[in-house]
Engineer: 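Okay, here's the structure, questions in a sec.
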Amino acid sequence: MLKMICLAVALGATAGPAAAAADLEFDGRQARAETATDGGYVLHASGEDVRIAAQPMRSDTGSALFDALFALAQQELDANRVDAIRDPAFDEGRPVPCECFQTGARWPYVWTRDMSFAADLALARLDPQRTRQSLRFKLSPARDGHTPGLFVAQDTGSGGSWPISTDRVVWFLAARDLLDDEAFAAETWQALQATVAQDRQYAFDASVGLYRGETSFLDWREQTYPGWTAQDVRFIGESYALSTNVLHYQALRLAEALARRHGDARAAQYAQWADALRTQIDQLFWREDAGQYMSYLGPAGGRNAGGGASAPLPVAKYDLLGLSLGVLADVFPAERARRALQGYPTTAAGSPVVWPQEADQPIYHNRAIWPFVSAYALRAARQLDDAPRIAVEIESILRGAALAGSNMENYEMLSQAVHVDDGKLSGPVVNSQRQLWSVAGYLAMVREAVFGVMPDGQVAPKLPVSLVPMLFGTRDRITLDEGAHRYVLVRPARVQGDLLVAGKVETRGEQTVVQLVGRRSAASAPPQPTARFAPATPAAPAVEAEGAAWRVHVGADEVLWRDGVAQPAGTTRVSLAPGAATCLRLTRRGRDGLESLPSPEACVGELLHLEGPGDWRWTAPRPGVWRARLRYDNPHGPINTGVTAAVKQLQVQCEGLPAQRLAVVLPHSVGPQDSTLVEFQAGRGPCRLALEPGFNMSALAHFAHYTGGQGGHEGVVNDARVLSLSLYPLPVVEAAR
């Protein structure tokens, strides 16, 4: 809880400038604000004085600190309004004219996910024209000469970007509130059709019913994925992320709505895809033993004996953004949603963005609080009437900005400091002042969470009673003046319950007065576990042949996973049918109940290898579903960035069967490695398998300005050196008994 001092002198609007002060104290640091004679404020934080000018919107509460920080967020938003943007990796760092929002003090460019989340939180309503301009900057036609349509750009990223990272559809989360402009609505509909179709072709896994790709925003591989992915992102490209799948779901719902608006027959198809995706998200990401939705699932294993959907690998990692987005999209049943949000751990400083933490990773996403994620958790808590969580997130957002003197990108999760010395684990490794989505999160906190000003025009405050002393002091009312309209909240004479909500709402002209009433939310305080770190990730299983079977070394604290399914305790021997293959992983469980991330896999059995660069003829030993991987080398960029993940279409033509086209991804590699997996149906006759070009981000005209690597201003690069093709029959798995 915030420790607010000297509130008694911060109450009346008639008090003098020097008297209107409030103090916040946390972890040995203090922040203090006072009003200035010109209508602005002075914030004393981190040993510095931050002068804040009077702003267009103004709150008048019992806390000068609260009012000053609302003004600070507006001042920082204005500082992020620019006429040109720049980045060293684009146009060689030269300014690019754009009346846009830049991402932050250290990031003077427009990035798809940053801009989109910021727009969705607040900017689409506060500055729609500039927000549209910023979003338009991320739309692009193709430049390959044969791909029609308008697409959202996936920024540079893991393994050469899309489709290892596939969260570009967050753009539509932002666009949905800006469709009152006809031209922008037309562009959105055009981009939605093309982007949804492309993602369906290259990122959707029909055998699982989910979209593949990296977690949204959590894009520093080893911070949240197993450490060994630092040099091999295939696991990420074959995994399924909760946050990203919820964003695909939201995009499909928007596609359905716009298709109906345009009288397009595809509305029914979009609706069916969305309904099916919602079902799979709830069923596959839920982990009953943890009472949480997993942040991501590992690659799919085999199918059950009945030939049902493949079983993705459960992963004991949870993230607050994915959970919050799922709550807000209504993809979770109400009871599970409440249980998961209430059970998501907090610290005294707020809610970390991931759980549990990795002991061998520095502070960034790991061991960190990100204010924009806290803002989404706040929205989710409001939707579920979770008063304790609402209080946690409001306090965390306010406290971070107050102590840092700016709306920072991130904070360490225990101290809420902008940097903590911890040897090689020090961090946050990267940080920035006036980070755009943090600024937007603060503005949303004040307007939506405290004063209840909602995007649909409704006024629906939900204030935890625990915050009444800070916000009201001895006052009976607080106000938000937005110029065109003024909102007044009136506290009840007697406070009951733990949550204040709207009772009587009266609007006269340019003023809305809300009489607050108390009620009980029935939510418990979120837990603060003493154990924070997951066990270390094990090495790949050590396997040795033992007659017709395989002996696996499994430690006493380890769990053996076979093709995505946990094996019974004590399993150390794996049997295989003739001609079959299986893939094994290990996890480690600590005495505190936390589980490690999965090890690399060890695959054993009969894998067939066809040498050659891209045209193979083969006859299956037996008909059925087969899996294929390419052995390849893609040296066109580093593991952590770029736009040249090679994307191919594997054309499979087996005698007596229809032609099959399968998207396969060959991300940037460190020497030869395996591609993502594909499945195809083989018959009794011969098959021809051949590679044809696919599509990657370097094919977008947007990246003609990319000068930070290959696939940019010198032209499209969608290539890798293919060495061989590996084949094995689809494993059949049984659930552990």
Engineer: Take the angle between the ring planes of Tyr487 and His485 and call it parallel below 30°, perpendicular above 60°, tilted in between.
Structural biologist: tilted

Engineer: Partners of Tyr211 by ring-ring contact (aromatic ring centres under 6.0 Å, His included), sequence neighbours excluded?
Structural biologist: Phe204, His248

Engineer: Could you check if a side-chain atom of Leu121 sits within less than 4.5 angstrom of a side-chain atom of Arg379, using non-hydrogen atoms only?
Structural biologist: yes

Engineer: Look at the side chain of Lys504 and the backbone N and O of Gln515, then say whether any donor-acceptor pair between them is shorter than 3.5 Å.
Structural biologist: no

Engineer: Under 3.5 Å, is there a donor-acceptor pair between the Ser698 and Asn696 side chains?
Structural biologist: yes

Engineer: Given side chains that start at C-beta, do those of Met697 and Leu700 come closer than 4.5 Å, heavy atoms only?
Structural biologist: yes

Engineer: Please name the pair of heavy atoms, one in Asp282 and one in Pro333, separated by the smallest distance, quoted to 0.1 Å.
Structural biologist: OD1-CD, 3.1 Å

Engineer: Check this for me: Arg51, atom CZ, are more than 12 non-hydrogen atoms of other residues, nucleotides or ligands nearer than 6.0 Å?
Structural biologist: no

Engineer: How many angstroms lie between CD in Gln190 and CG in Leu150, if you round to the nearest 0.5 Å?
Structural biologist: 4.5 Å

Engineer: With salt bridge (charged side-chain N to carboxylate O under 4.0 Å, His left out) as the rule and sequence neighbours excluded, what pairs involving residues 185-194 come up?
Structural biologist: Arg136-Glu187

Engineer: Does the side chain of Asn80 come under 3.5 Å of the side chain of Gln435 through a donor N or O and an acceptor N or O?
Structural biologist: no

Engineer: Verify whether one side chain among Glu214 and Ser165 offers a donor that lies under 3.5 Å from an acceptor in the other.
Structural biologist: yes

Engineer: Roughly how far, to the nearest 0.5 Å, is CZ of Arg212 from OG of Ser239?
Structural biologist: 9.0 Å

Engineer: Looking at every non-hydrogen atom in both residues, tell me the closest pair between Ala122 and Ala440 and how far apart they are.
Structural biologist: CB-O, 3.6 Å

Engineer: Measure the CG-CG distance between Leu252 and Asn245 for me, rounded to the nearest 0.5 Å.
Structural biologist: 10.0 Å

Engineer: Hey, is the main chain of Ser63 close enough, under 3.5 Å, to the side chain of Thr61 for a donor-acceptor pair?
Structural biologist: yes

Engineer: Does Leu77 form a side-chain contact (heavy atoms from CB on, under 4.5 Å) with Leu436? I'd like the steps, not just the answer.
Structural biologist: CA-CA 7 Å; Leu77 179 63; Leu436 187 66; 4.0 Å; yes

Engineer: Under a 4.5 Å cut-off applied to non-hydrogen side-chain atoms, are Ile394 and Leu378 in contact?
Structural biologist: yes

Engineer: Tell me if the aromatic rings of Tyr364 and Trp370 count as close, with their centers under 6.0 Å from one another.
Structural biologist: yes

Engineer: Between Ile369 and Pro371, which heavy-atom pair has the shortest distance, and what is it?
Structural biologist: O-CD, 4.0 Å

Engineer: Check Asp114 with Lys138, please: is the shortest side-chain N to carboxylate O separation under 4.0 Å?
Structural biologist: no

Engineer: Would you say that Leu210 contacts Ile281 through its side chain, given a criterion of any heavy-atom pair below 4.5 Å between the two side chains?
Structural biologist: yes

Engineer: Charged N to carboxylate O below 4.0 Å: is that the case for Asp67 and Arg58?
Structural biologist: no

Engineer: Hey, is Asp275 close enough to Arg253 for a salt bridge, meaning N to O under 4.0 Å?
Structural biologist: yes

Engineer: For this output row, return yes or no: ring centroids of Phe151 and His702 closer than 6.0 angstrom.
Structural biologist: no

Engineer: Between Thr644 and Gln710, do the side chains contain an N or O donor and an N or O acceptor separated by less than 3.5 Å?
Structural biologist: no

Engineer: Mind checking the CD-OG1 spacing from Gln154 to Thr195? Nearest 0.5 Å is all I need.
Structural biologist: 10.5 Å

Engineer: Please examine the side chains of Leu321 and Val353, heavy atoms only from C-beta on, and report whether any two atoms are closer than 4.5 Å.
Structural biologist: no

Engineer: Does a sphere of radius 6.0 Å around CD in Gln133 hold more than 12 heavy atoms from other residues, nucleotides or ligands, not counting ones at 6.0 Å or beyond?
Structural biologist: yes

Engineer: Less than 6.0 angstrom separating the ring centers of Phe117 and Phe372, yes or no?
Structural biologist: yes

Engineer: Does a side-chain heavy-atom distance below 4.5 Å link Leu325 with Gln250?
Structural biologist: no

Engineer: Tell me, please, which residues at least two apart from Gln269 pass side-chain contact (heavy atoms from CB on, under 4.5 Å).
Structural biologist: Gln272, Trp273

Engineer: Determine whether a donor-acceptor pair (N or O, by modelled atom type, separation under 3.5 Å) exists between the side chain of Tyr202 and the backbone of Pro163.
Structural biologist: no

Engineer: Side chains of Asn407 and Ser438: donor-acceptor distance under 3.5 Å anywhere?
Structural biologist: no

Engineer: For the CG atom of Leu126 and the CD atom of Glu482, what is their distance to the nearest 0.5 Å?
Structural biologist: 7.0 Å

Engineer: Ignoring hydrogens, what is the shortest heavy-atom contact between Ser295 and Leu218? Give both atom names and the distance.
Structural biologist: OG-CD1, 4.5 Å

Engineer: Atom CD of residue position Gln511 - does it have more than 12 heavy atoms of other residues, nucleotides or ligands inside 6.0 Å?
Structural biologist: yes

Engineer: Is there side-chain contact between Val96 and Phe90, with at least one heavy-atom pair below 4.5 Å?
Structural biologist: no

Engineer: What distance separates Leu471 CG from Leu398 CG, expressed to the nearest 0.5 Å?
Structural biologist: 8.5 Å

Engineer: Would you say the ring centers of Tyr109 and Phe137 fall short of 6.0 Å from each other?
Structural biologist: yes

Engineer: Minimum heavy-atom separation for Val643 to Ser161, with atom names?
Structural biologist: CA-CB, 4.1 Å

Engineer: Applying the side-chain hydrogen bond (donor to acceptor under 3.5 Å, both in side chains) test to Ser406, which of Gln75, Glu76, Arg434 qualifies?
Structural biologist: Glu76

Engineer: With respect to Arg168, which candidate in Asp155, Asp199, Thr112 satisfies the side-chain hydrogen bond (donor to acceptor under 3.5 Å, both in side chains) definition?
Structural biologist: Asp199

Engineer: Using a distance-only test with no angle check, is there a side-chain donor-acceptor pair under 3.5 angstrom linking Gln383 and Asp330?
Structural biologist: yes

Engineer: Does Ser140 reach the main-chain N or O of Ala153 with its side chain, forming a donor-acceptor pair under 3.5 Å?
Structural biologist: no

Engineer: Looking only at heavy atoms, which two atoms of Ser351 and Val392 are closest? And how far apart?
Structural biologist: OG-CG1, 3.9 Å

Engineer: For a 4.5 angstrom cut-off between non-hydrogen side-chain atoms, does Gln74 reach Leu443?
Structural biologist: yes

Engineer: Can you establish whether the number of heavy atoms outside Arg86 located under 6.0 Å from its atom CZ is more than 12?
Structural biologist: no

Engineer: Do you know which of Trp171, Tyr376, Trp437 makes side-chain hydrogen bond (donor to acceptor under 3.5 Å, both in side chains) with Asp120?
Structural biologist: Tyr376

